[in-house]
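For reference, the structure discussed in these notes is given below.
Proteins come first, then strands; the chains are lettered A, B, ... in the order of their sequence lines, and each starts at number 1.
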Amino acid sequence: MEYRQTLNLPSTEFAMRANLVEKEPRILEKWREMGIYNYVQKHRTGCPTFVLHDGPPYANGDIHIGTAMNKILKDTVIRYKVLRGYRSPYVPGWDTHGLPIEHKVTTTLGTKARSMSQMEIRKACEDFARQQIEVQKRQFQRLGVVGDWENYYATLKPEYEYKIYEVFEKLVNDGYVYRAKKPVLWCHNCRTALAQAEIEYHDHTSPSIYVKFKMKDSDEYIVIWTTTPWTLPGNTGIAVHPDHHYVRVRVKDEVWILAEKLLANTMDELKIDEYKVLEDFDGKLLENKIAIHPLYERESRIIVADFVDMETGSGCVHIAPGHGEEDYEYGHLMYGLEVISPVNEEGIFTEEAGKYAGIHIDKANRLIIDDLIAKGAFLKEGKISHSYPHCWRCKKPVIFRATEQWFISVEKSDLRNRVLRQIDMVTWIPSWGKNRISAMIQERPDWCISRQRVWGTPIPAFRCNDCQEAILDPLIINHFAKVVKEKGTNAWFELSERELLPTGYTCKKCGSKNLSKMYDTLDVWIDSGASFEAVLTTRPDLTFPADMYLEGSDQHRGWFNSSIVLSVVKHDKAPYKTVLTHGFIKDEEGKKMSKSLGNVVDPLEVCSKYGADVLRLWLASSDYFNDIRISQNIILQQVEVYKKVRNTFRYLLGNLNDFSEDNIVPFEKLLPLDKWALGRLQQIIKSVTEAYENYEFSRVYNILVKYCSVELSAIYLDIVKDRLYVESKDSLKRRSAQTVLYYILKSLLVMLSPILAFTCEEAYEHFKSQKMKYESVQVEHWPEYHEEWIDQKIMGDFDELMRIRDHALKSLEEIRQAGTIGHSLDAKLIIKSKTEEILNLLKEYEQYLDEFFIVSQVEFSKGEEELETRVQRADGEKCDRCWKYHPLTGTEPQFPKTCPRCAEVLRKQEG
RNA sequence: GGGCUCAUAGCUCAGUUGGUGAGAGCGCACGCCUGAUAAGCGUGAGGUCGGAGGUUCGACUCCUCCUGAGCCCA
């Protein structure tokens, strides 16, 4: 096959086999060496900004698929914005304080932790957190995420902590912070108050007991129901529903009061067959009646509340304002019932509980029931399985316990409504996010911000040893913040009260100088929620507000929520202009991932097995606004797609091997098919750009994957192959095609680079045609959309030609099946039509038809039907060089077995 | 239990304000090519649009309920 040497076959160093597992680390090394982040920033100096503010992941453990998704999405957005000409700085951050790390560190230390000082434990936590940051940093980088990894932010850095205090000082100064005794979710195992975010709900079996309380002014009894007998020492009231009916019932020689709706059910439970309803009345008539606590002989007032459940129990609910949220709100806030909570931090009854003092609440139920039986007040005990709050760390059931805590009031200065107004001005993607977070803000209670933990940002509060006043003063906060800037928050533990207080500071209430520091720390949501202040307003390369926050939809309650509340307090403004949320990752069946189900996909494993680009491609293929799915199968599918795209790059590169921008053919001189292809590229650019602008990456993926495999691989590249290989290197026919290939490749590389970060970089390195080149595709510019390159006449003509092509392909397949031909070049295509338009069209493109249909000859003539195609063997002999058949093949003695076209090309080559 | 969200071929996604027989890519099956070759091309088979009602002349598209799944709460 000597003629093979005379062809212009594609050639490139860009390997067909990706071998991403080895190649990606090499590209990472290149980026590291060139300082890619600063390189990109430098190339966008003075450009308009787009600031995406990173929500800090918790610095604990290896990254999982969810955190990987989040970071890749951010990276994709930023890469896109940079290509669009924005200066888009990205400062990654970490959330480092809080219980999970403290828990992990103390359990790792084991018994040793007990002999360690708070300072020593804090130091161990800090070391652990910093080490985790390094681990996660490397893992995020492995995914191809570009950012200012050297100058990351972290909530444990002194300069960050300093800014937390600036926000906190403002909160205190403006009067948002108050101290109150309030039942808070409490884990007596971890000995701490818990935020709602630290609670998990699991099924739990509780006792279900009925108890009768004697009425003070009569011999009647009110039947109450509870699932927490141990809270009865805290009982100060009984709630009934105002709008439901209640009844007086005679049972033996007693009269009981309970809800009419639950009468039958209760009697059934109590196994009482004989009873008689004496009277039926509205629940609200019971309001403010007094019952007598069976254990303490004290008064228990009846209140009305619409939360009273009419499905279970007796319709008369035991109220302990010290042991429940609703009990507190209705009982204490509305009726002024006393908050009794005789339980210490370990869950042991205090002296206030009388005879139960010293007993753990977990063991109290039995005792209390026995006492109730002894008093004759006990009616029945059962079991009930229900969803019950558990501690997120130790997984044990939690309780409500009234303690002194610091709170942020959401009503002060109309804060709630101010936040709501800001929410309204933010763009939420998807749009239902606005509704979701609005509802949450609408309903959120005051924010309990104190934690009884060591590893956190200390609340710089003092206790007056003389009058017991808890002191939180902006002056002290400010004074301490300055210390923190220098020494970090450890100073709170290291320095004495004298050093921590402004000179001469005295208790405002009693004037005492005898003050002791308190050791509560701040809720970590204050830490991360203050990032707008610690990062956005602090770093000169960033802006406040940020253009975008991008996190999972769980952050409507979390970070978006805490951030906007604090930002409205500090700046009267939302910290973000747009909030983009994504869903969660599930397995192939749509089930949540869990170790026990064994359906967990590890992003690092995907990287080490297939490459980060495959993971990124998978993400791009998914509609991440909702929950998305991943599995081995789904990943393998992306491997196939990846190969297709990679091969398209490779083929384009190979055919542009001898092409430079000097060879570009102006639009007017392009061949019609090439004009069509260039027009299609414009349409692709337009639709891809629109998709990116809406952050619809799955649309980008679909458009471009289809473009590569259908329009390029199956159609355009297949057709143009003949010209590229066979025609003279410098011929217009060849350069015309290469011109279009050049635009296609350049556009594709840029448009896919936010997704296939590594592969596009690699291909860009092999892309030699371009004169002005950067060191990285990342600073390239988005392809220009040339509307004038869409020739409507040509586009329309080719639509019609494509229709004829579909028809012809079926005819070709038929005779291929019959064994008449193999390759389509063996064929002659005969087209018949009764339609003038079609015949005119074919006439107009006559000289391009054999190329277009990839056959050796095309004949067309008037026929009977609208469109009819037939195929037969081509006339003449097969040319040894271009494999096309031609009647005159072999007539050139100088070049045996060639067709006239090839002979002509060869003559030129020799000359 | 409440709020929000999702449910279209094996997989990933399209389906404009309800309107002729439900689409694409991948995968799969069968075949072709051997000058993109651990590639390339062609043809084809796959869906009662989660289920049940309802509104309408007509619904994958609107309403109700149910089932399953997820996030956030209780």
Need one value for [X]: base, sugar-phosphate or nothing, where a base atom within 4.0 Å counts as base even if backbone is also close, heavy atoms only.
X: A/H823; answer: sugar-phosphate
X: A/G590; answer: sugar-phosphate
X: A/E640; answer: sugar-phosphate
X: A/R629; answer: sugar-phosphate
X: A/S824; answer: nothing

Practice problem: For A/E877, look at atom CD and say whether over 12 heavy atoms of other residues, nucleotides or ligands are found less than 6.0 Å away. | Solution: no
Exercise. Please test A/F798 against A/L673 for side chain to side chain contact (heavy atoms under 4.5 Å, CB included), starting from the C-alpha separation and ending with a verdict.
Key: CA-CA 8 Å; A/F798 273 88; A/L673 176 74; 3.4 Å; yes
Is the phosphate of [N] approached by [X] (side-chain N or O, under 4.0 Å from OP1 or OP2)?
X: A/R699; N: B/G15; result: yes
X: A/R444; N: B/G3; result: no
X: A/S621; N: B/C11; result: no
X: A/K592; N: B/C71; result: yes
X: A/K721; N: B/C33; result: no
X: A/R805; N: B/G42; result: yes
X: A/Y642; N: B/C26; result: no
X: A/K644; N: B/A36; result: no

Using the [atom1] atom as the point on both nucleotides, what is the distance between [M] and [N], in whole Å?
N: B/U12; M: B/U55; atom1: P; answer: 36 Å
N: B/G2; M: B/G54; atom1: C1'; answer: 26 Å
N: B/U34; M: B/A39; atom1: C1'; answer: 10 Å
N: B/G42; M: B/C66; atom1: C1'; answer: 46 Å

Check whether [Y] forms a cation-pi arrangement with [X] (NZ or CZ under 6.0 Å from the six-membered ring centre, at most 45° off the ring normal).
X: A/K746; Y: A/F767; answer: no
X: A/R616; Y: A/W618; answer: no
X: A/R4; Y: A/Y725; answer: no

Self-check item: Option among A/E696, A/Q638, A/K706 that satisfies the side-chain hydrogen bond (donor to acceptor under 3.5 Å, both in side chains) test with A/Y701
Solution: A/Q638
Quiz prompt | Stacking check A/F584 vs B/G70 (5.5 Å / 30 deg) | solution = no
[N]: pairing nucleotide in any strand, Watson-Crick or G-U under 3.5 angstrom:
N: B/A45; value: none
N: B/A14; value: none
N: B/C71; value: B/G3
N: B/G35; value: none
N: B/G27; value: none
N: B/C57; value: B/G19

Self-check item: Side-chain heavy atoms of A/L825 within contact of A/D850, under 4.5 Å
Solution: no
Self-check item: A/Q817 side chain, from C-beta outward: closest of B/G31, B/A36, B/U43
Solution: B/G31
Quiz item: Got a donor-acceptor pair under 3.5 Å from the side chain of A/R436 to the base of B/C71?
Solution: yes
Quiz item: Under 3.5 Å, is there an N or O donor on one side and an acceptor on the other linking the side chain of A/T648 and the base of B/A36?
Solution: no
Quiz item: Can B/G46 be described as syn, meaning its chi torsion is within 90° of 0, or is it anti?
Solution: syn
Exercise. Could you say whether A/D554 or A/C882 is positioned toward the 5' end of RNA chain B, judged by the nucleotide with the nearest heavy atom to each?
Key: A/C882
